[in-house]
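What follows is a set of notes on a single structure, which appears directly below.
Order of the sequence lines sets the chain letters (A, B, ...), proteins ahead of strands, with each chain counted from 1. Just so it is clear, the values below take in all heavy atoms, side chains as well, and ignore hydrogens, waters and symmetry mates.
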2 protein chains.
Amino acid sequence: MATDHPDLTTRTRDALRASQLYYLQDLTMEAIAHELGTSRSSVSRLLSHARETGLVDIRVRSPREMPNILERQILETFGVTAHVVPVPDHTSDVDRLERVALSAARMLGEYVDSNSTLGVAWGATVSAVSRHLIPRAVHDTQIVQLNGAGNLTSTGIVYASEILRRFGEAYNAQVQQFPVPAFFDDPLTKQALWRERSMQRVLALQEHLDVALFGVGSPFAEVPSHVYSSNFLDPDDVVSLQEQNVVGDVATVFYRIDGSTDGISLNDRGSGPAFDVLRRTPRRICVVSGAARLASIRGAIAAGLITDLYVDEGTARLLVASHDDTGIGRASVR
Amino acid sequence: MATDHPDLTTRTRDALRASQLYYLQDLTMEAIAHELGTSRSSVSRLLSHARETGLVDIRVRSPREMPNILERQILETFGVTAHVVPVPDHTSDVDRLERVALSAARMLGEYVDSNSTLGVAWGATVSAVSRHLIPRAVHDTQIVQLNGAGNLTSTGIVYASEILRRFGEAYNAQVQQFPVPAFFDDPLTKQALWRERSMQRVLALQEHLDVALFGVGSPFAEVPSHVYSSNFLDPDDVVSLQEQNVVGDVATVFYRIDGSTDGISLNDRGSGPAFDVLRRTPRRICVVSGAARLASIRGAIAAGLITDLYVDEGTARLLVASHDDTGIGRASVR
DNA sequence: AAGTGAACTGCACATACGTGCAAGATGAAC
DNA sequence: GTTCATCTTGCACGTATGTGCAGTTCACTT
């Protein structure tokens, strides 16, 4: 009779019933406690549990007649489906990131189906998203790491694998790690390793994703992204990126503001998927916040990497304005 | 810039933003009030508004691994998709009805799409449902009245049309009234009227519904359904129903416990759709509560009228038990 | 059998929330 | 411009809800 551990089943059953009574019949928690023969505080906790585990699914749907203006402008200008997260302008960058990640995490379930494959990068943004995922009952789903995370001081497994683990847990999915350094010292090593069958297997998965999830790295902002810290790149590398007008990276692949990657030497040593591979993924979701990332977003859009963009309101506004200023960005996806 | 009345648009926009902040970012109403520059109580009202108008969509999903036992049993036994509404056993029939109707109303949106046609009967149950509908932004939807509502003391327009109006409002739909008596005195009048083109139009719509919604009438319960009151039927009629072993009606068409209708004289004079017409509707949703309706449900299931059943827990239990007792009911739909 | 840690419970308190009410705003009618 | 009806707002209050804590249960060790 039990599907799971015997009392887990009871807990879920109670949570389900409490949710029906609370959200579908508008009873108070007090009344529900009485019906279930428990205390009101337990009901409160049952309901929290139900929300966290996705038993209760709350979504906010902007009516088609009245889409967010910024979202419409971004779609028209850049051909990207935007989800603008309302955030007051004076918010700190940390809060901004957290709020965008929270919103994105709650909508991510929409993209995940049974038998689908989800590629995830790692980084501060994706990590924040991973902390707020709402579980969804799907099966035969796979989570694939998009790029290596090893650096000079650690194999990077703990940090990146923690992110992946959360995704795997939320979607009841099998996790495919990608245990390679973020950047190789020698491009030949990368090429050699890429020919290994164990790597080929992961690489093949990366080429047939249904959904890809990533942030964008921003090299020269006041608060540079994780990747640009000295644990990953030499000072020389950083200089060369600067000289080559790099404005950002997606999964450790660098690009310029026009989306081009040609001649960026570091990309021969990075572990992320080449853009023409990534672009084969039907849904490519980018989560990003903060004005400092503007140029990075612009570049990623120009490179045609993004189909769905989760972004805070202020940055969205800058994005739209930047197009009015310069006219760049039209030659993009879709 | 405005899509609707200028301030209605603002209200909706604020409600939308408040909903995102509250449900997607977990801010308190106080914080939202601050961001929107209004009072906390206004935010509370905005959120109520958002829920009532379907801007916020809350659903409770029972995980596939753990469906309600009664629902599974009903599906296996009767071939009907059941939605069992949890209600404590000591609840009064009035509350029971209200709670089932509330739950059903909130799920009804699932069945309604753009360009679809929804047929609704009238009665205490459907009326209760109509009072709790959650609007849904669809277009080119039609609501069609299934059976006439005129009786000896009124044309019945006010009561039935109020129900229809609520459906029309919730789904932004055009409403097709059916201005005829519930029962004709003379079957020939009915036949004559049915040949009128104005009636033909409605009848044609009834034959091509996407969804039908109805309760079941119960004639001989302690609290008989509306239809069986003297305003609709003569004492003679009631006696004849009793003699012919009628256990219930769907949209003023009567049936026996085995689902048969042959030889029930009153059906020649009723205004509802014949069962073989009704059965052509792909989705046929029945909402019902209370043990007194058990035989009526059994008959409606046996007649193959129901694809989706919303029912209170106690009655669901009786329904399952009744099958174990008698073995009737297997020869049903699907 | 006693020990141990993790999970769960109800209590009590602090907070967050819903709502009647009166004042103010808005808009249509004259 | 005035009047009146209607809708909206913020306040204040009472109720509903979230959560730290201490006590308990329960499964699993030792």
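Salt-bridge formation is not detected for the pair B:E169/B:R166: no Lys NZ or Arg NE/NH1/NH2 atom is positioned less than 4.0 Å from an Asp or Glu carboxylate oxygen. Remark: A:R106 engages B:D26 in a salt bridge, criterion side-chain N to carboxylate O under 4.0 Å. Contact check on B:R99 versus B:E313 returns no salt bridge, with no Lys/Arg side-chain nitrogen under 4.0 Å from an Asp/Glu carboxylate oxygen.
Looking only at distances, a side-chain donor or acceptor of B:R96 sits under 3.5 Å from a matching main-chain atom of B:T91.
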Base versus backbone protein contacts along nucleotides 15-21 of chain D [heavy-atom cut-off under 4.0 Å; B, S, -] = --BBBB-
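A straight line from CG of A:L36 to C1' of C:dT9 spans 14 Å, rounded to a whole angstrom. Put simply, CD1 on A:I32 is 15 Å from P on C:dG10, counting in whole angstrom units. Rounded to a whole Å, the CZ atom of A:R11 is 19 Å from the P atom of D:dT25. Rounding to whole angstrom units, CG of residue A:D14 and P of C:dC8 are separated by 12 Å.
Within the structure, a side-chain polar atom (N or O) of A:T38 is placed less than 4.0 Å from OP1 or OP2 of C:dG10. Side-chain N/O atoms of A:S42 include one lying less than 4.0 angstrom from OP1 or OP2 on C:dG10.
A:H34 NE2: 12 or fewer foreign heavy atoms inside a 6.0 Å radius.
Using five terminal pairs a side, the axes of the helix from C:dA1-D:dT30 to C:dC30-D:dG1 at its two ends make an angle of 30°, given in steps of 10 degrees.
A side-chain hydrogen bond (donor to acceptor under 3.5 Å, both in side chains) with A:R136 is found for one member of A:D113, A:T53, A:D57 and no other, namely A:D113.
Taking the six-membered ring where tryptophan is involved, the planes of A:Y310 and A:Y111 are perpendicular, since the angle between them exceeds 60° and thus also 30°.
Under 3.5 Å, the side chains of A:Y23 and A:R51 contain a donor-acceptor pair of N or O atoms.
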